[in-house]
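The structure displayed is predicted, hence computed values, not measured ones. A note on names: the letters A, B, ... follow the listed sequences, proteins ahead of strands, and every chain is numbered from 1.
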Protein chains: 2
Amino acid sequence: MARPREFDTDQAIDRAMNLFWRRGYAATSLQDLTAELGIGSGSLYAAFGSKEKLYARALERYCSRDAGALIAALESATDVRSALRTALHAMAEADLREPERGCFLVNAATERSADSATVDRVGGTLRLVEGTIAGALERAQARGDLSAGKDPAELARFLTTFIQGMRVVGKARVDRAFLESAVSGALSVLD
Amino acid sequence: MARPREFDTDQAIDRAMNLFWRRGYAATSLQDLTAELGIGSGSLYAAFGSKEKLYARALERYCSRDAGALIAALESATDVRSALRTALHAMAEADLREPERGCFLVNAATERSADSATVDRVGGTLRLVEGTIAGALERAQARGDLSAGKDPAELARFLTTFIQGMRVVGKARVDRAFLESAVSGALSVLD
DNA sequence: GCCGTTCTTGATGCTTCAGTCCATAACCAT
DNA sequence: ATGGTTATGGACTGAAGCATCAAGAACGGC
């Protein structure tokens, strides 16, 4: 019935996500985008509408993929403590390997705090992570793996906040010892 | 001997700092700057050299002023725990009042992680904060205000990281309850 | 094989960007 | 008061920004 699209939309969003993730919104130009996606600007606009909308799609992708992975790991975990430890260490390693990346959520929250769509998406995802951690801690408590005196809701908020901090200091090129100390300090609240 | 400068350099840096702080580097144009500082672009370039250099001066100002205040508060404190609590609550209040601001250090680290001058300055300031907290905790430990089993160095790294996280979630418009829970969770590591 | 539809490319438009330059103004030492 | 010197402000430059558009290409249905 009509000419089919030559590029894969999902793959294009992935590539845009990687670009926005590394460079941020303002520092990523349309030229950068069309070069990376391998399409002309006309195609880009026909498919996504605007730079802002493409950014929103990229952020959405990140939330469902990366935050989704954390959530899935916590929900399937039998040992919350070690699941958290594993996740935090993985983040530390990622930051040491590619410090210019960091966490797209954090980058989005800080660079685009004037854009309510971005802020809402970030806030929602943080809430989701908070809820997942809280749920996991409640299950641990019910099982006796977490002292009855602890407050899962409070710990979840604290841990969610700490995670964001990790991604910030990771961008400041601190060394492995710093990040690992920070992680053990944070996890000590569970004891 | 020659015509004197009509504007105050320090005040100009302060105003530039406020602008960069709220909008970030890329989203602040020279027009924004000249309008806010009340000077022509010629004067701006004669005094500061370039947008990047002005940004560096602004960041430096922030580090010595805001991080300096935290450091001074911790060094003069007799009760580290309550000094930390006060500082963290003040940050939470600032984030609730002006979420688009956040922490300039965090914004700089995330937006300009490709610029080594920025990264170095941020990293150095984090190290300074870390060292100050560690020192305060050591003194508390010597005085018997902190359990001997705790590791001041580890706690300092953890708390420094947590503080950065606070400033991120603060930008995501979480509510007061969230921030206060997070703070009490973090402070519980000192017990 | 032709038509209507949708896609692709890249030239184009118009705005905004960072940074420079110049004519003028303000100062101080003499 | 005059001259040497430096600051001022805004017009200006060239580059780069985002977004649109037109001409043609690739498809499916008939």
Problem set entry | Heavy-atom donor-acceptor pair, B:Lys171 side chain to A:Ala108 backbone, under 3.5 Å | no
Seminar exercise, completed: Between CG of A:Leu33 and P of D:dA19 the distance, given in whole Å, is 11 Å
Exercise. How about A:Thr125 and A:Tyr62: do any of their side-chain heavy atoms sit closer than 4.5 Å?
Worked result: no
For this session: Give a yes or no on this: more than 12 heavy atoms of other residues, nucleotides or ligands lie within 6.0 Å of atom CD of B:Gln31.
Result: no
Seminar exercise, completed: The contact string for nucleotides 11-17 of chain D, one letter per nucleotide 5' to 3', using protein heavy atoms under 4.0 Å with B, S and - for base, sugar-phosphate only and none, comes out as B-----S
Problem set entry | Electrostatic pair B:Arg157:B:Glu154 at N-O distance under 4.0 angstrom | no
Problem set entry | Check ion pair B:Asp120-A:Arg173 (N to O, under 4.0 angstrom) | no
Problem set entry | Residue mapping more 5' on DNA chain C - nearest nucleotide basis, B:Pro4 or A:Ile39 | A:Ile39
Exercise. How many Å lie between CZ on B:Arg5 and C1' on C:dC28, as a whole number?
Worked result: 17 Å
For this session: Examine A:Phe104 together with A:Tyr55 and report whether their ring centres are nearer than 6.0 Å.
Result: yes
For this session: Using whole Å, report how far CZ of B:Arg23 lies from P of C:dC17.
Result: 10 Å
Exercise. Is any side-chain N of the basic residue among A:Asp145 and A:Arg139 closer than 4.0 Å to the acidic one's carboxylate O?
Worked result: no
Problem set entry | Euclidean distance, atom CG of residue B:Leu44 to atom C1' of C:dT20 [Å, nearest integer] | 13 Å
Exercise. For DNA chain C, which residues in residues 7-17 of chain B have a heavy atom at a distance below 4.0 Å?
Worked result: none
For this session: Measure the distance from CZ on A:Arg3 to P on D:dA26 and round it to the nearest whole Å.
Result: 6 Å
Exercise. If you pin A:Tyr45 and B:Ala2 to their nearest nucleotides in DNA chain D, which one's is more 5'?
Worked result: B:Ala2
Problem set entry | Sole residue of A:Asp32, A:Thr28, A:Asn107 in side chain to side chain donor-acceptor pair (under 3.5 Å) with A:Arg23 | A:Asp32
